[in-house]
Each structure stands twice: as structure tokens, then as C-alpha cells.
There are 2 protein chains.
Amino acid sequence: MQTTGDQHLVKKINKTIVLDTIIKHSPLSRAQLSDMTGLHKGTVSTLVNELIDEKLVYEIGLGRSSGGRKPVMLVFHKTAGYAVGVDLGVRYILAVLTDLEGRIVGELQLDLEGGEPEGVLKLVEEAVHSLKAGAPPSPYGIVGAGIGVAGIVDDNGIVLLAPNLGWENVELQRLLQEKLGFPVAIDNEANAGALGELQYGAAREASDIVYLSVGTGIGAGIVIGRQLMKGSGGFSGEIGHTTIETNGKKCRCGNKGCWEQYASESSVMEKARTLGIGKFDELIALARRESPEAVRLFHEVGESLGIGIANIVNTFNPELILIGNQMTRAEQWIRNPIERAVAHRSLPYSRQQAQIRFASLDTHSAVLGAAHHAISAFFSKDRVTL
Amino acid sequence: MQTTGDQHLVKKINKTIVLDTIIKHSPLSRAQLSDMTGLHKGTVSTLVNELIDEKLVYEIGLGRSSGGRKPVMLVFHKTAGYAVGVDLGVRYILAVLTDLEGRIVGELQLDLEGGEPEGVLKLVEEAVHSLKAGAPPSPYGIVGAGIGVAGIVDDNGIVLLAPNLGWENVELQRLLQEKLGFPVAIDNEANAGALGELQYGAAREASDIVYLSVGTGIGAGIVIGRQLMKGSGGFSGEIGHTTIETNGKKCRCGNKGCWEQYASESSVMEKARTLGIGKFDELIALARRESPEAVRLFHEVGESLGIGIANIVNTFNPELILIGNQMTRAEQWIRNPIERAVAHRSLPYSRQQAQIRFASLDTHSAVLGAAHHAISAFFSKDRVTL
DNA sequence: GACACTTTGTATATCCATTATACAAAGTTT
DNA sequence: AAACTTTGTATAATGGATATACAAAGTGTC
């Protein structure tokens, strides 16, 4: 039994349009809203007044006249509530408190040494509580938390497998939600990153993008029509395990020649270790000092990255490919090799439209995406889009 | 200025729901419709009566009583109009006339030897006219034509490149529409095939599928949430040119190690030629007679197909992968090698959900998908879905 | 067969969004 | 100061959906 149409639905649709327009273009008058949305003046008035009652919008006073009565300017009440975003990495927990526009108002980072789910959960809980304590008073309080996890997450917020954390079948969503007392949403780290860039970063204007989280492994957050493509079980984007070398290096996953064996941070570090370099930071530092070996390693990983990116270009015809996570730090050395490989290996028509860029939110793509997930869940009750 | 909500929209939404339900479950009474859709009895009555006026639905008489007044049974008027589907292959033109439910009521096939767009267009036009002449009289007549082309097609129905036809920048949609006098829709062959299987074939119940057209090359029609994923310019699905062997065989596209160099019909035939076999039919015949060489060739191509399919499984997490076009004919020899390769090379969670099957419409996936495109365009004026 | 009960489908009233119209308030321009 | 503009609200009209009542046409039971 699908959702049918009635007046209530119409109102939801129009209210969504009005609120979205205010969020995107405020400050704005009712008259301007009517012009921009095509809704009748009276309709806009009614809806805006309801939004004001709900504390989601408020009036900031009069604007400039253009030959008549001065308009009352409206703005989105971005501090009507706050959201928490958590990036649950392998070696760290990064947590932020944001307002409803995704602006960071509190941040907290702590190191992690893997460990049992219970212990890590405790730490996450503490981090969230401490951020919550720092949140200014607001009508809605903390509207929810979003967590981005470096692992495979299913539709029910269960972490099926997080190899680098050593987790299997952890009911993260349920456990955290019980402890925190507000809604919790779980996503994998690449999807969270894609959401973050889509909403607040380099992909704000884009529609079809692929966000690549290049760290220990390679994961993709795939966005089609500004919506995450999650796959039938929520497992899509495990693109690091696609084969780019039929009889290539063995991978932990059981396959041979997986992309991430050639293009991930781990794959560079494996080679770097033969040069006596143990940490990614050191390798970056070496490359900065123009060490030919370090630069060569990055050139190699860049070419390998380019191969997989060309595959993405041919498969998805996206308008934008964003490279995120640790590997962004090597941008200056890998950019050219990537572009060369893509130029050689992708089809002209798709390549023309595909921009390749680096994540603009830096290390914060995933954590902001997670926060956005919470914010969007908060609004989703009253939202309908066509 | 987005579409806003009003009563007209509500009516469209509900009418769409009612018509879709009738199409899917007819024969059906108004009372049953009310139950199934959740719409009020009176609303259903009004909408059904309008659909009857529009000749899209009619009453076939009384049904069984279940302890009260007998219901009036309604059915979709599937012959209220007809659609034309054309599969414009490299060596043939296959055209069908279908009713509004996609059932074939006329078919026509002719050989093609490549050639200039003008000549081919003329042939297509003649084929369509001859099918149109055979269509029974109906309220709406021919509602439109859909064409599936073996090449790269953009959003405006321009065939940017059809290497095997030798075409470049042919304004197929405009040219045909002018000549035929009814709406024409152009798709590439893989997208058309995906649509066909989605609507009338093995994917009728599925939501996220990848249809692989494995012929001269390999193209994919990617369906997410029962919608074609077209990419930002309409060029998505050129999956045959993804790299599975970094330094592999050279491809016409300029890349090395493209999947279709190992897993397409052409790639098998290239090997077959060294055995003195010139036609795919011969190779199939040989394999039927259990020729070890022929069977070995198919085993090899099966394994290669499996590699790319595993990549698809990991990337998309689809519920269904359909293998279509010429290669379906080798099903009995390639099925096991494909499954073995996928089992070795894809991640367990995604693999569990991914069924791999062969196109159930056989050689007609694309032509029926093309016809469906025309039908759905005809209905789209009055359709809104949430 | 009479009676009670069900089921179907329509007719009419009510509800509630939007739009249309009118208008008051508060500007600018000449 | 007078004429015109612009903004925002109040009230009526419009057109959908739902709610209610009811007639028509069944079934089942004694």
C-alpha cells in the first residue's frame, strides 16, 4: 500500500519547498519566496508563519524597499537544534557538534587503539555527552547523531564487518541509541564522506558524484541524483576490491589484483617499508623534501588510482569524482599521474564531463556527512520531495 | 522554480496509483482497488470513471460475490494504443509492434550491412510504417517508437558514436521523429535491454539490477530503484572498457586490458579464428558436439566475464545481474565458470544477495525495452510518482 | 421463502489545502 | 501632495479527498 495523495501531502511538499528555499537563499522576504517558488503569496504567508511557530524560521527585521513597502526578511533558525557527527576511524574518534546548517560549533578528537566494541562504544558515548554538554540551549536540543564507520554497515545500522577495528556483527545503531536517548544513524565512512562533500563541500552543486575514501582501503560513496546509492543491502561502494589485475597481488578478501592492493595508503606504505619508512607522515615529509623515492612511490600510487578512477568514469559517467581521506595529503604528487592515467584509459565523452578533485572538507568530510545524516533524519518526518 | 503541490497534483498521483494497480492486478473491482491502494471508495470511483472515459480502462462484467453484491470487474485497456520498438543492431534491424502491455503483435527483422545513416534511417522508417499498417484500429493509435542503438547516445537522442555502425553525431531522434510524426525515444542498446528485462523479463520484481549486454562489446544498463542510471551526460554503462588487466591487451578505445578484450563475443571469436572457426554460430555448434576446444574457449570467456561481474557485485551490490545479448547462447558452458569466478572474487555480503541470471527475453530484451520506453513516455504526461 | 447480514458502488456533505481577489499598510517617485 | 509600488493579510472561491448515508444486489440461515 503506497503513499497516496491528499491535502496533507500537498502541504508537506510546499512547506518543504519553502523551508529549503529559505535555507538556501536567506535572508529572504515572503514576496521573494512567492516569486521563487511559484506559490501564491497567501500560501507562502501561511507556511512561513507555521515555520516561525515551529522555531525553524524567524524574522530579522525589514529589508530594502524597491519602490514600495519594506519587506520583512526571514532567515533559517540554524541554531534551533544541534547535531552530532562522529567519524569512527581505525586509529581515532573524531566527533563534532554542528548547528542545523552543518557549521561546527564544537569538536573533539581522541586516539584509539582498536579494541572491543564495548570499550569503543563507551568512548563514543563519552565524546557525545561532552559535546552535548557544550551545546547552547535551543528549542530542539540535540536532534540526533550520525556515525561514520570504517566498515561494512547494513540497512539496520549493524556493523557487519569492520576488519580494521576487528568488529563483526555489532549492533551499533541500537546500542548507541539506547544509551544516548536520541536518534542515531550509522553509515559507512565513504558514504558519510560523500554526503559531507555533497552537502557542505566540493559537490554542493553537483548531482552525480563518486567520493573515494582512499585510506587503509578504498571505499566509494556513490551519489546519483543527489542521493546515495546504497545497493540492495546497503553494501555498495566496496570498489577497493574490484579487480584491476587479473592475476595480481593477493588480497585479504580472497581475490587477486584488487584495486586497493595498488592504490591505497596501505599499498604505498607496504612499499615504503622496504625503504625503511614506517609512517605515512614520514613519507609525506620526505616527498616535501623532494626525495625521489618518496615522489616515485606517490607517482606509482597515482597511476594506479587513475586506473580505477577511469573505470569509474566509464561505468558511472559522473560529473565529479572526489578523492578523500588520507590520500588527499599527497595531492600535489598524485594529481598529475591520476589525470594522465584517466586520460589514457577512459572514453572521451565521459571523460569530458568528469572533473577529478580532492575533497574540500579535508579530514572532515565524513564527520560532517555523519552530522548531516542526523540533521536530515530530523527534518525527514515533515519532508516530502517530488 | 520547482513543481509545487496542489490538488491537481494530488489527483495525478492517485490516478497514477489506481491505473498502475489495475495494470498490475487486473481484473479488479473498485472495492478491491480501494482496499489495495488505501484510497477512499468514492475517490476510486471518480478516478476509475475518468480512466474509463479516457479509454484506458473498461468494465468486463460482474465478478464473484463474497457474500454481497457482485463487483464490477475492471481491466486495463491494453489495446487502447500500440507502440513500436526497434533494436538497431550492427548486422540487423529488429522491430516489433506491441500493445500497451508490451505484448508483441507484429514483428519484422531485416539484415543490415552497416552503411550510411540515411540508408539505415530509410530502412527503419519503412519497417515502422509497415508495422504501423498492421496495427489494429485503436483510440490512441501508435503512441510512439523507441529505438535501441548499439552505440553511445546522449540525452538529446543524438548518436554520438556507434563504432560498429560507423556513425558519428547522428541526430537520430529528431530525424526519425520528423519523418514518423509521433514521439521517438532513443536509448543505447544496453539501457533498452535493462528496461525490457525490468518491465517484462527476469527483473520484473527487482529494484537494483545490472543488465549486461555481451555481444561485440560489453555494455551495461544499470538500474537503481527501478530507474535507469544514466550518468551526467547519459553515457554511463560503458563497463566493457573498464580495466581488468593493467597491462593487458590493447583496445580500440586506447586503453589496455579492457574487460571486453577478454569477455565479449568478439574476444572469443578472435581466439576461435586461430582454430579456423569464423562464425559464432559455428562455435556454438561445435560446443554442442562437445568439442573440447570450443568448450575450453567458453570456459575462458566465462571466467573473464566472472571477473567483471564480481567487480559489479562489489561496486553496486545489486540484487540481480542479467547477462543478455549474443553471449546468452553460451549459457550452459559459461554459467559455472562465471559463478566460480564471482565466488572467488566478490565480497561475501554482497555476493549473498546477488543473483546471476541470463536474460529471460532472449534476443528481445532490447527491442521490448525500446517499446516500453515509448509506452512509458506516452503515459508520463499524466503520471506522478512519489 | 423471509429475514438478517454483506458487499459494492454512488450521492451528498464536510474538510482543508491552494488560488483569486480585495485591501490596508508602508514605501518611492515626480 | 498625489500617484504609483510593493508587501503582506484577510476573505471568498475552487477542487480535490474523506466521511456518511444509502440504494442495489448479493449470500446464508432458519
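A note on names: the letters A, B, ... follow the listed sequences, proteins ahead of strands, and every chain is numbered from 1. Predicted model, so just to flag it, every value in this text is computed and none were measured.
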Which donor-acceptor pairs under 3.5 Å do the side chains of residues 222-229 of chain B make with protein atoms, sequence neighbours left out?
residue: B:R226; atom: NH1; partner: B:A203; partner atom: O; Å: 3.4
residue: B:R226; atom: NH1; partner: B:R204; partner atom: O; Å: 3.1
residue: B:R226; atom: NH1; partner: B:A206; partner atom: O; Å: 2.7
residue: B:R226; atom: NH2; partner: B:L198; partner atom: O; Å: 3.1

**OP:** Figure out the CG/P separation between A:N49 and C:dT18, and round it to whole Å.
**Re:** 13 Å
**OP:** For B:V44, answer base if it contacts any base atom (sugar-phosphate contacts may also be present), sugar-phosphate if it contacts only those atoms, and nothing otherwise; contact means non-hydrogen atoms under 4.0 Å.
**Re:** nothing
Original post:
Whole-Å distance between D:dG8 C1' and A:Q32 CD?
Top reply: 14 Å
Subject >> Where B:G102 and B:I375 come nearest, the two heavy atoms and their spacing >> reply: N-CD1, 4.2 Å
Subject >> A:R383 with A:D20: basic N within carboxylate O range, under 4.0 Å >> reply: yes
**OP:** Measure from CG on B:L39 to P on D:dA19 and round the result to the nearest Å.
**Re:** 12 Å
**OP:** Please report, rounded to the nearest Å, how far the C1' atom of C:dT8 is from the CZ atom of B:R64.
**Re:** 17 Å
Original post:
Nearest of D:dG8, C:dA17, D:dA17 to any side-chain atom of B:L47?
Top reply: D:dA17
Original post:
Aromatic ring centroids of B:Y82 and B:Y140 under 6.0 Å?
Top reply: no
Original post:
Is it true that atom NZ of A:K24 has more than 12 heavy atoms of other residues, nucleotides or ligands lying nearer than 6.0 Å?
Top reply: no
Original post:
Which of the following nucleotides, C:dA17, C:dG9, D:dT18, is nearest to the side chain of B:T43?
Top reply: D:dT18
**OP:** Nearest whole angstrom, please: distance from the C1' of D:dG8 to the CG of A:L74.
**Re:** 11 Å
Subject >> Reference residue B:I13; test side chain to side chain contact (heavy atoms under 4.5 Å, CB included); the match among A:T4, A:V10, A:L9, A:D6 >> reply: A:L9
Original post:
Just by protein heavy atoms under 4.0 Å, how would nucleotides 20-30 of chain D read 5' to 3' in B, S and -?
Top reply: B--BBBBS---
Subject >> Interatomic distance where CD1 belongs to A:I13 and P belongs to D:dA17 [whole Å] >> reply: 13 Å
Original post:
A:T4 or A:E59: which one's nearest nucleotide on DNA chain D is closer to the 5' end?
Top reply: A:E59
Original post:
Taking NZ from A:K11 and P from D:dA17, how many angstroms apart are they, rounded to a whole number?
Top reply: 18 Å
Original post:
For the residue pair A:F76 and A:F379, does the interplanar ring angle fall in the parallel (under 30°), tilted (30 to 60°) or perpendicular (over 60°) class?
Top reply: tilted
Original post:
Can you check whether B:N14 has a side-chain N or O nearer than 4.0 Å to OP1 or OP2 of D:dA17?
Top reply: yes
**OP:** For A:S29, answer base if it contacts any base atom (sugar-phosphate contacts may also be present), sugar-phosphate if it contacts only those atoms, and nothing otherwise; contact means non-hydrogen atoms under 4.0 Å.
**Re:** sugar-phosphate
**OP:** Nearest whole angstrom, please: distance from the P of C:dG9 to the CD1 of B:I52.
**Re:** 10 Å
